[in-house]
Amino acid sequence: MEAYGVGLRQLSVLLFCVTGIWSAYIYQGVLQETVSTKRFGADQKRFEHLAFLNLAQNVVCLVWSFIMIKLWSRSSSGGAPWWSYWSAGITNTIGPTMGIEALKYISYPAQVLAKSSKMIPVMLMGSLVYGIRYTIPEYVCTLLVAGGVSSFALLKTSSKTISKLARPNAPLGYGLCFLNLAFDGFTNATQDSITARYPKTSAWDIMFGMNLWGTIYNMVYMFGWPHGSGFEAVQFCKQHPEAAWDIFLFCLCGAVGQNFIFLTISQFGSLTNTTITTTRKFVSIVVSSLLSGNPLSAKQWGSVSMVFSGLSYQIYLKWKRGQRLHKKRKPM
């Protein structure tokens, strides 16, 4: 009975995490698409300064992580110093900005699919730069994802979707997404290096350090000169309070979502978190398609299925690898 109770509690926590991650990030995706495509106010103006979303997100997450450190951190020593995140802060500022800017040129489902192909630049860099050899199943995963993204990109987008985009330009949009992935790869590698050097670094420390530098860089970029785009973004929000509210909710969803991600990783490991976030991306595409009133074609859904088949197979391979390592470590 005790084991049954423990299992039930674990299942409840897992469902809580799944609900939190899906709710926060699916709604954030809806808000992101709304801010990038909607025309606000009587003058029907678009919010052109999408990079401002990153600055706002940095500020909200910075305040959130500071509060969490003060409330929950047990030790103030041994963690990575705040200045050690400066290089990762650069790429973490540029990368997401490119991903958000891509929404001016391609649809939200296309952006989600392109950003799901993270393994492609990782494997290319690994094989070309570091000489890493990958298994045949890993190449199968990559081919499925690459084929799905490529076919989706080549299929004709409906005129209704194109009319919502600020400046339709598929090659530029997909290019920005893949640059986003490349910068994300450097960011993740730098974060891993920092946590290896400073083992006592908590998730809140990382969140604080990354968002501190992101806030600094974005403030300089958007307000560093008299006619910086940040001033225009603030003025737009003053004139269109509806846009300001959507941006605030977008940032709040990001902060709440990060909390659930950290909880999932601490309780169930990174593989479970990867599974939840991957399925969330698929649901985001479905929700976007339904809410926009512009469902994807059968061929486009086929491309989406290819991508998520590859991602699901990758998750399965990671699980099998973890099982083998667990058996090797288990005492005879």
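Note that the structure is a prediction, hence the values are computed from the model and not measured.
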| task | Measure the SG-CZ distance between Cys237 and Phe52 for me, rounded to the nearest 0.5 Å. | result | 5.0 Å

| request: Could you tell me whether Phe231 atom CZ has more than 12 heavy atoms of other residues or ligands within 6.0 Å of it? | output: yes

| remark: Heavy-atom closest pair (Tyr198 atom, Pro81 atom, distance to 0.1 Å) is CZ-CD, 3.6 Å

| request: Taking atom types as modelled, find out whether Asn58 and Asn211 have a side-chain donor-acceptor pair closer than 3.5 angstrom. | output: yes

| field | Expected output: side-chain Ser36 to main-chain Glu33 donor-acceptor under 3.5 Å | value | yes

| query | So, does Ser84 use its side chain to make a donor-acceptor pair with the main chain of Ala80 at under 3.5 Å? | reply | no

| Should the heavy atoms of other residues, nucleotides or ligands under 6.0 Å from CG of Leu15 be counted, would the total exceed 12? | yes

| query | Nearest heavy-atom pair of Val60 and Cys251: which atoms, and what distance? | reply | CG2-CB, 3.5 Å

| said: Looking at Arg167 and Glu48, is any side-chain nitrogen of the basic one under 4.0 Å from a carboxylate oxygen of the acidic one? | reply: yes

| message | How close do Gln111 and Gly99 get, counting heavy atoms only, and between which atoms? | response | NE2-O, 2.8 Å

Atom pairs and distances, donor-acceptor, side-chain atoms in residues 168-175, under 3.5 Å, two or more places apart:
| residue | atom | partner | partner atom | Å |
| --- | --- | --- | --- | --- |
| Asn169 | OD1 | Leu172 | N | 3.3 |

| Which atom pair, heavy atoms only, marks the closest approach of Met210 to Tyr85? | SD-CD2, 3.8 Å

| said: I need the minimum non-hydrogen distance between Gln32 and Leu103, along with the two atoms involved. | reply: NE2-CD1, 3.2 Å

| field | Any donor-acceptor N or O pair under 3.5 Å, side chains Thr34, Asp246 | value | no

| Would you say the side chains of Ser229 and Glu232 form a donor-acceptor pair under 3.5 Å? | no

| query | Do Val112 and Leu165 sit in the same hydrophobic cluster, where Ile, Leu, Val, Met, Phe, Trp and Tyr count as joined when their side-chain heavy atoms come under 4.5 Å apart? | reply | no

| Angle class for the Tyr313/Tyr316 ring planes (parallel below 30°, perpendicular above 60°, tilted otherwise)? | parallel

| note | Interatomic distance, CD@Gln57 vs CD@Gln258, rounded to 0.5 Å, equals 6.5 Å

| Are any of the side-chain heavy atoms of Val149 and Met306 separated by less than 4.5 Å? | no

| Which heavy atom of Leu62 sits nearest a heavy atom of Ser65, and at what distance? | O-OG, 3.0 Å

| query | When the ring planes of Phe208 and Phe66 are compared, do they come out parallel, tilted or perpendicular, using 30° and 60° as the limits? | reply | tilted

| Any residue meeting ring-ring contact (aromatic ring centres under 6.0 Å, His included) with Tyr217, in chain and number order, not counting sequence neighbours | Trp213

